[in-house]
Amino acid sequence: MTRPKIALIGAGQIGGTLAHLAAIKELGDVVLFDIAEGTPQGKALDIAESGPSEGFDAALKGTTDYADIAGADVCIVTAGVPRKPGMSRDDLLGINLKVMKSVGEGIRNHAPDAFVICITNPLDAMVWALREFSGLPHNKVVGMAGVLDSARFRHFLSVEFNVSMRDVTAFVLGGHGDTMVPLVRYSTVAGIPLPDLVSMGWTTQDKLDAIVQRTRDGGAEIVGLLKTGSAFYAPATSAIEMAEAYLKDQKRLLPCAAWCDGEFGLKGMYVGVPTIIGAGGIEKIVDIKLAKDEQVMFDSSVAAVRGLVDACKGIDPSLA
Ligand code: A3D
């Protein structure tokens with residue numbers, strides 16, 4: 001039996017971290033692709049040389065030739081540009097849309113059977129465009145955002161409650177932007193919902209509101225600190241969690257930007273919703289019922305995503 005093949009399109013900050021994690025976890029052999037000659041080759045060799053100390057068996061190859069991703073089981077896309085301080089994710093739209101066109105064509109021509117995870121921002125619009133350009137089935141193309149946003153929420157909650165983050169579950173839905181929807185009601189410490197923990201005096205509503213806002217601003221907080229780019233460790237870890245769920249048929253329930261065709265009352269669009277990921281890709285969208293205030297937030301997030309998709313159609317008429 002051969003090892004799975006994982007193609008990473010974009011060998012920048014997230015791409016390099018993805019390659020290192022995939023190798024350490026022995027998820028498969030890794031191909032790092034980038035247009036910047038030398039970067040993918042250099043990172044692949046550097047990571048391969050960490051193998052003897054770490055003790056992993058995985059082959060790593062760096063390339064600028066799409067032919068090398070042939071037959072990939074998973075493609076994770078980070079190609080494009082990240083934010084700088086003062087920029088919103090939406091400011092990246094024009095540049096990254098062109099990148100999605102070339103990446104989509106590369107995947108269509110060389111790895112049409114792959115499970116594709118998009119990370120490039122603005123996420124919900126880019127995963128839509130990548131699906132359009134690649135022509136792959138909708139259940140095999142998904143965006144990573146909810147796992148990361150939920151992980152940030154979980155981290156902040158575990159610090160506030162002084163409990164292991166393993167016991168904190170949290171859910172963030174909607175688009176990956178300022179309008180994302182952290183679902184307080186569905187977030188728990190070992191099954192105890194956050195509103196109950198407020199009633200029990202574990203925290204106050206004001207503190208919880210501040211954590212929700214910090215989660216929404218989680219990406220900008222890191223951009224502000226780094227100044228030269230955006231977060232990459234936690235984004236890479238989140239995408240690896242999704243790739244592993246697919247490769248090992250784990251049937252994980254993870255919030256992802258998935259194609260909704262009726263679910264959540266949406267007809268034909270990508271947005272962050274709870275999904276089940278297994279060997280069939282996105283095997284199911286878990287259509288939870290939202291409370292009135294949650295629905296209002298979700299609707300405004302959906303409207304923001306629709307605006308970005310319309311902007312893509314305006315820039316590239318082939319998408320209209
Ligand atoms: P960076 O370190 O700049 O890496 C991007 C790489 O893409 C560079 O090495 C480029 O050379 C390469 N690239 C550019 N154009 C192409 C092309 N046409 N084909 C192949 N490669 C190309 O950025 P990064 O790794 O920090 O971030 C990558 C993307 O992820 C950005 O768009 C970020 O905004 C986004 N991001 C998303 C999240 C989410 O949660 C969704 C979180 C963090 C970053």
Side-chain angles (χ1 to χ4, degrees), residues 7-21 31-44 62-66 68-69 75-85 87-107 110 117-130 133-134 142-153 172 174-178 180 215-223 225-242 254-257 270-272 305 308:
L8 307 173
I9 316 295
Q13 296 279 56
I14 303 178
T17 312
L18 285 167
H20 202 190
L21 285 169
V31 175
L32 262 170
F33 172 94
D34 204 292
I35 50 166
E37 180 64 43
T39 300
Q41 293 90 343
K43 290 198 179 185
T63 184
T64 52
D65 183 355
Y66 268 112
D68 287 321
I69 74 163
C75 291
I76 308 181
V77 178
T78 60
V81 291
R83 287 196 277 173
K84 300 229 162 54
M87 286 174 93
S88 80
R89 295 177 179 92
D90 303 354
D91 293 334
L92 307 172
L93 189 97
I95 306 172
N96 286 349
L97 184 62
K98 284 202 194 92
V99 175
M100 289 307 101
K101 190 175 170 69
S102 65
V103 174
E105 287 166 1
I107 292 175
H110 297 280
I117 302 170
C118 180
I119 306 184
T120 302
N121 272 320
L123 191 270
D124 305 86
M126 291 303 101
V127 66
W128 172 80
L130 183 64
F133 289 130
S134 68
V142 64
M144 186 295 293
V147 176
L148 171 65
D149 297 327
S150 305
R152 287 179 171 148
F153 195 21
V172 179
H176 181 60
D178 303 336
M180 69 178 76
T215 301
R216 287 206 180 98
D217 298 336
E221 185 175 358
I222 307 254
V223 170
L225 290 166
L226 293 180
K227 295 181 187 69
T228 52
S230 53
F232 52 100
Y233 292 113
T237 311
S238 304
I240 288 290
E241 197 176 346
M242 293 163 65
L254 299 169
C256 304
Y270 273 93
V271 72
V305 173
L308 289 174

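Each residue takes its place number in the sequence, starting with 1. In listed order, ligands and their atoms are each counted from 1. Bear in mind that the values here come from a model prediction, so they are computed numbers and not experimental data.
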Calculate, to the nearest 0.5 Å, the distance between atoms [atom1] and [atom2] belonging to [X] and [Y] respectively.
| X | Y | atom1 | atom2 | value |
| --- | --- | --- | --- | --- |
| Met144 | Thr237 | CE | OG1 | 9.5 Å |
| Phe232 | Ile119 | CZ | CD1 | 13.0 Å |
| Tyr270 | Met126 | OH | CE | 13.0 Å |
| Glu37 | Thr64 | CD | OG1 | 4.0 Å |
| Lys84 | Lys227 | NZ | NZ | 14.5 Å |

Heavy-atom closest pair (Ala44 atom, Leu32 atom, distance to 0.1 Å) is N-CD1, 3.9 Å
Which heavy atom of Val172 sits nearest to which heavy atom of Phe153, and what is that distance?
CG2-CD2, 4.1 Å
Quick one: does [X] get an N or O within less than 3.5 Å of an N or O on ligand 1?
| X | answer |
| --- | --- |
| Ile14 | yes |
| Gly80 | yes |
| Asp34 | yes |
| Asn121 | yes |
| Thr39 | no |
| Tyr66 | no |

Near [X], which atoms of ligand 1 are under 4.0 Å from a heavy atom of that residue?
| X | value |
| --- | --- |
| Leu92 | 34 (O) |
| Phe33 | 20 (C) |
| Leu123 | 41 (C) |
| Asn96 | 32 (O) |
| Ser102 | 18 (N) |
| Ser230 | 44 (C) |

What protein heavy atom lies closest to [atom]? Include the residue and the distance to one decimal.
| atom | value |
| --- | --- |
| atom 39 (C) of ligand 1 | His176 NE2, 3.4 Å |
| atom 43 (C) of ligand 1 | Ala231 O, 3.5 Å |
| atom 15 (N) of ligand 1 | Ile35 CD1, 3.5 Å |
| atom 2 (O) of ligand 1 | Gln13 N, 2.8 Å |
| atom 42 (C) of ligand 1 | Pro235 CG, 3.7 Å |
| atom 32 (O) of ligand 1 | Val81 O, 2.9 Å |
| atom 21 (N) of ligand 1 | Ala79 CB, 3.4 Å |
| atom 28 (C) of ligand 1 | Thr78 O, 3.1 Å |

Just checking, is any N or O donor in the side chain of His176 or Asp149 under 3.5 Å from an acceptor N or O on the other one?
yes
Are the side chain of Asp91 and the backbone N or O of Ser88 linked by a donor-acceptor pair below 3.5 Å?
yes
Look only at the side chain of Asp34 and the backbone of Pro40, and say whether a donor-acceptor pair between them is shorter than 3.5 Å.
no
Output side-chain donor-acceptor pairs under 3.5 Å for residues 7-20, partner residues at least two apart or in another chain, one line each.
from, atom 1, to, atom 2, distance (Å)
Thr17, OG1, Gln13, O, 2.7

What part of Thr120 sits under 4.0 Å from ligand 1 if we count only heavy atoms: the side chain, the backbone, both or neither?
both
Filtering Ala11, Pro82, Pro40, Gly218 for the heavy atom nearest atom 3 (O) of ligand 1 leaves Pro82
Near Asp178 CG, under 6.0 Å, is it more than 12 heavy atoms from other residues, nucleotides or ligands?
no
Given side chains that start at C-beta, do those of Val142 and Met242 come closer than 4.5 Å, heavy atoms only?
yes
